[in-house]
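The structure appears right after this line, and notes come after that.
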Amino acid sequence: VFPWFGLDIGGTLVKLVYFEPKDITAEEEEEEVENLKSIRKYLTSNVAYGSTGIRDVHLELKDLTLCGRKGNLHFIRFPTHDMPAFIQMGSEKHFSSLHTTLCATGGGAYKFEQDFRTMGDLELCKLDELDCLIKGVLYIDSVGFNGHSECYYFENPTDAERCQKLPFNLENPYPLLLVNIGSGVSILAVYSKENYKRVTGTSLGGGTFFGLCCLLTGCSTFEEALEMASRGDSTKVDKLVRDIYGGDYERFGLPGWAVASSFGNMMSKEKRESVSKEDLAKATLITITNNIGSIARMCALNE
Amino acid sequence: GGSLTKLAYYSTVQHKVARVRSFDCSGKDIENEPLYEISVQEEITARLHFIKFENTYIETCLDFIKDHLVNTETKVIKATGGGAYKFKDLIEKKLGLKVDKEDVMTCLIKGCNFVLRNIPHEVFAYQKDSDTEFRFQTNHPNIFPYLLVNIGSGVSIVKVETEDKFEWIGGSSIGGGTFWGLGALLTKTKKFDELLQLASKGQHTNVDMLVKDVYGGAYQTLGLSGNLIASSFGKSTTADKEFSKEDMAKSLLHMISNDIGQLACLYAKLHNLDKIYFGGFFIRGHPVTMRTITYSINFFSKGEVQALFLRHEGYLGAIGAFLKGAEQDNPNQYSWGENYAGSSGLMSTSPDVYPMQRTRSGTFDMLEMDRLERPLVNLPLLKDPSTYIPDTVDLTDDAMARKYWLTCFEEALDGVAKRAAASQPDSIDALERAEKFRQKYWNKLQTLRQQPFAYGTLTVRSLLDTREHCLNEFNFPDPYSKVKQKENGIALKCFQSVIESLDSLGWEERQFALVKGLLAGNVFDWGAKAVSDVLESEPQFGFEEAKSKLQERPWLEDSYSQWLERLKEGPPHKCALIFADNSGIDIILGVFPFVRELLSRGTEVILACNSGPALNDVTYSESLIVTERIAAMDPVIQSALREEKLLLVQTGSSSPCLDLSRLDKGLAVLVRERKTDLVIIEGMGRAIHTNYYAALKCESLKLAVIKNSWLADRLGGKIFSVIFKYEVPCK
């Protein structure tokens, strides 16, 4: 029974996937109830919903065969704090009359279960977050990204001149470490489709980047924060190895450009006054990503 | 360092020591002469000083160094840390010395090894909701391997395997500089300590996104704690809400401490290490920081890794730099002891409660370590040196006992000061010095009331030792020297008649009389108020009177029958090691007859006495004179001495208590050579306050008379109850 939805209700964002069938027969079209039609039209003809919902058109997967049906997979997101509005909309569009199962995962599947029931007359089918995550990774890789590889990596990452993005073949992936960066970070060691464990996690994740950027720069969206970061210079904010030792610290094999202390230069009043918001956003991004990288690397070694 | 200068220097300290010397007694009227001569001499000892002060006072400090530089051979000064670069020119100009910069990490690790090896109770674990927030660790004989996590501006993680072998295995840029820099941006608070103050008042849950914020109320079903932080600063992802400075500072502190803890755990796991020492300016003894780091380590390692902190964490680099400079003298070949009189204690628990003390310790505090004349080692007979804890009661743990003993020492203080003054009747400033001593020890006791953990685990031993250190500080090296001299003289006169009456007894009666004599001798303890009162008011109180005070059998702790059985049935012991207690009747009429009996059985005896004076305990040099006199009267003792079957040694200690993990190396060597199979520990200080639970590899006897009614009550007995504990190690 259509519509086919998948919902991941995270701490900051709600991620919604919607399968739009493209092989609807005339017969089906006729039988399609008005409510279903209106939902399909609403979702596929817009790229923004309300003031905060966004459809990532560039991510859309076209001509997919899913459970014997052909269609497109759409990716839509909106902030978790707009969840009540979303449920309200579902209620206005008489979603419950469609008798579909709404599959949901993420912490919000628990948090909003009651709201779905009372406000939207909807029962959620709650699914394990980590199961879904692994299933999702394997699926998305198997179908590919409109003819391209879904998984990629950077070759020569420390050399700006020679660094390039290359496809990575996930054909024989196990064992693998899956680092899921949402508001926080979860790290899973996956040994096979069914055999995996959560190794650890860190609270320094996307939420930390965004949260600190809001406080430091006054920005209000994640995109804005990223955009600022792309224009900033973190070396004004961070204290580098060369700032302390004048160059490389050879004894420990540390290059001069390595960050010795994130935000370390901000201990000085003069330097606090001379940095831009963009520099701060960049430093925040570098701090969080370096840290995730460091923890992930240690987990990979330990596992 | 960035804000504090830590200076380590070595000095020689001149202080008075009491010496005893035999008179040339030929042709003299022995009856009316004192037994031996007491003299006070000047002695020079080596002391290491560590001082910490704010960088603004660096010029004053350099002037001080200049005024006190005595060694003209000195051409260089060793320096480490960021300031070594910053102040290089100033130091060279002021002192006329070349600044030799040393690698920070090398110094840090050298310093860390030094304190781990030499300072008892250096290391502690921090426990949150516990009466004793600071849980001090006993010094492990083998300190390696360990992980040192140094949190400065950034974080360095170093694996230390041996004295000289260490490896930088990782680090993180999220450290103290991040807290300070990011904290200053977020809160407009400029000072590091103020940021910590803010953090201690904040609620991180207003800023952080917790698991329960994501899951609603249903987190229980997932086996996750709802209070776990899912995303640091996850709630501040909005432009239209204000967050309090306190909350942000707290959230930041949590974020950084947790992150450091997690990385440290991952490194510890990868390298199979279970001990992590934390150091660096970020911690500086701040409870909130230690608490979050400890929590994080526990959480991420599931309790398998221990987060440990150091009392002198801030001095490690300075100590290391000093040791680098003193390498040709090889300071590691000596043993060192913390001088409680000259050292300020650990910071107070809460920055808010004792602002006065905090200011003092933050800007100026010090550590003094005396170089001991001889190296100290473990008693080879300790069953498990790594778990041996000398002290019976941990007063940091036991609030009731702590209150009692602190009061007890306070009440005895006037008497001790008076006796100290009276011991130097010829000195014009004795009264003045005694008063200074009184004041200093009183202040130490008050500090300990407020901060019981200031010098490590608080114990009766540390209270006694601190008192001795304070007495020495004011040139009262041996307040009881005259009392001991007199009592030794009196007791010697009774020796022969005691031996005669013992020899007239049958074997079994004699064994009991010997033990009873040993116990009665132990009553003569000037350290116990109940006894010193009697001794002062009844000068005729003697050996027989003491015997009559003793509890009748069965004693409070009584394994005498097993002991007797052992003597009767078993072969004679190969060699007995006896730790003696008091001068006078105790050693002469109690211990010596017992020694004589052991010798007669064919057992060799090593008699161990303190190296330096403490209360009226017999010192090694006194024991030499006393033994010589006894040998002159008694052929058994005389031949045993000649044939080296009776050996006198020093313990290496000047404490009324006994730490079997810090004993004179010569003693340890002898114990091993002579295949010692019996250890006898006598007295309240050595057998009850310490070593009551000490487990040995060989047979042992612990005997004492309880001369304190509170302690007797605690152990379930009355004053003058007897402890006779004969133990045989399990096969």
Side-chain angles (χ1 to χ4, degrees), chain A residues 10-12 79-81 106-108 110-114 182-184 200-216 218-220 222 237-239 244 251-254 258-269 272 280 286-287 290-291 294-295 298-299 301-302, chain B residues 2 82 85 103 105-106 152-156 168 170-186 190 192 207-209 211 213-219 221-222 228-240 243 248 254-255 258-259 262-263 266-267 269-270 300:
Chain A
T12 313
T80 305
H81 59 75
Y110 294 87
K111 187 177 177 178
F112 296 104
E113 187 180 22
Q114 193 59 29
S183 308
T200 189
T202 164
S203 69
L204 284 86
T208 316
F209 165 67
F210 186 25
L212 282 174
C213 277
C214 289
L215 294 171
L216 294 171
C219 70
S220 53
F222 195 79
V237 180
D238 293 339
K239 192 168 265 195
I244 300 174
R251 204 193 151 98
F252 294 161
L254 288 172
V259 184
S261 173
S262 298
F263 287 86
N265 279 340
M266 298 297 92
M267 292 188 273
S268 122
K269 188 169 178 279
R272 275 201 298 277
L280 293 172
I286 297 285
T287 304
N290 268 343
N291 191 58
S294 174
I295 291 173
M298 287 307 294
C299 288
L301 286 173
N302 273 325
Chain B
Y85 296 83
D103 176 68
M105 205 47 69
T106 311
S153 302
V155 180
S156 287
W168 187 89
S172 166
S173 68
I174 302 183
T178 315
F179 179 70
W180 196 344
L182 200 45
L185 289 169
L186 292 172
K190 292 175 196 90
F192 182 78
V207 183
D208 290 343
M209 182 187 287
V211 166
D213 295 324
V214 182
Y215 280 84
Y219 51 85
T221 53
L222 303 169
L228 278 181
I229 304 173
S231 174
S232 296
F233 289 90
K235 278 186 191 156
S236 67
T237 54
T238 162
D240 32 62
F243 295 89
M248 288 189 288
H254 271 274
M255 175 181 109
N258 277 333
D259 192 55
Q262 178 171 26
L263 273 171
L266 285 165
Y267 279 102
K269 200 173 156 198
L270 191 64
F300 287 110

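Numbers restart at 1 for each chain; the letters A, B, ... are given by sequence-line order, proteins then strands.
Of all heavy-atom pairs between A:T202 and B:Q262, the closest is CB-OE1, 3.6 Å. Of all heavy-atom pairs between B:S236 and A:L212, the closest is OG-N, 4.1 Å. The minimum heavy-atom distance between B:A184 and A:R272, with the atom names listed, is CB-NH1, 3.3 Å. Taking all atoms of both residues into account, the shortest heavy-atom contact from B:S231 to A:T208 is OG-N, 3.6 Å.
For the side-chain hydrogen bond (donor to acceptor under 3.5 Å, both in side chains) test, residues two or more places apart in sequence or in another chain that qualify with A:S203 are B:S232. When the side chain to side chain contact (heavy atoms under 4.5 Å, CB included) test is applied to A:N290, the partners found at least two apart in sequence or on another chain are A:V259, A:I286.
Ranked by heavy-atom pairs under 4.5 Å with chain B, the list A:T287, A:V237, A:L215 is led by A:L215. Comparing A:G206, A:S294, A:A260, A:P79 by heavy-atom pairs within less than 4.5 Å of chain B, the highest count is held by A:A260. Looking only at heavy-atom pairs under 4.5 Å with chain B, the residue among A:G184, A:G10, A:G182, A:C299 that has the most is A:G184. Between chain A and the residues B:L185, B:T106, B:I229, the largest count of heavy-atom pairs under 4.5 Å involves B:L185. Taking chain B as the reference chain and counting heavy-atom pairs below 4.5 Å, the highest number among A:F209, A:F210, A:F252 is found for A:F252. Taking A:S261, A:G264, A:G205 one by one and counting their heavy-atom pairs under 4.5 Å with chain B, the maximum is reached by A:S261. Most heavy-atom pairs under 4.5 Å with chain B: of the set A:M267, A:K239, A:Q114, A:H81, this distinction falls to A:M267.
Between B:K269 atom NZ and A:T200 atom OG1 the span is 8.5 Å, to the nearest 0.5 Å. The structure places CG of B:L263 at 7.5 Å from CE of A:M298, a figure rounded to the nearest 0.5 Å.
With a 4.5 Å cut-off on non-hydrogen atoms, B:M209 touches chain A through its side chain but not through its backbone. Contact annotation for B:F300: only side-chain heavy atoms (C-beta onward) come within less than 4.5 Å of a heavy atom of chain A. Of the atoms belonging to B:L182, heavy atoms from both backbone and side chain fall under 4.5 Å from chain A. For chain A, no part of B:F192 is nearby; none of its heavy atoms comes within less than 4.5 Å. Only the backbone of A:C219 comes within contact range of chain B, with at least one heavy atom under 4.5 Å from a heavy atom of that chain. Heavy atoms of B:D103 lying under 4.5 Å from chain A belong exclusively to its side chain.
Contact annotation: the side chain of B:D259 approaches that of A:I295 to within less than 4.5 Å [non-hydrogen atoms, C-beta and beyond].
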One pair to check against side-chain contact (heavy atoms from CB on, under 4.5 Å): B:L266 and A:L301. What are the steps and the verdict? CA-CA 9 Å; B:L266 285 165; A:L301 286 173; over 6 Å; no

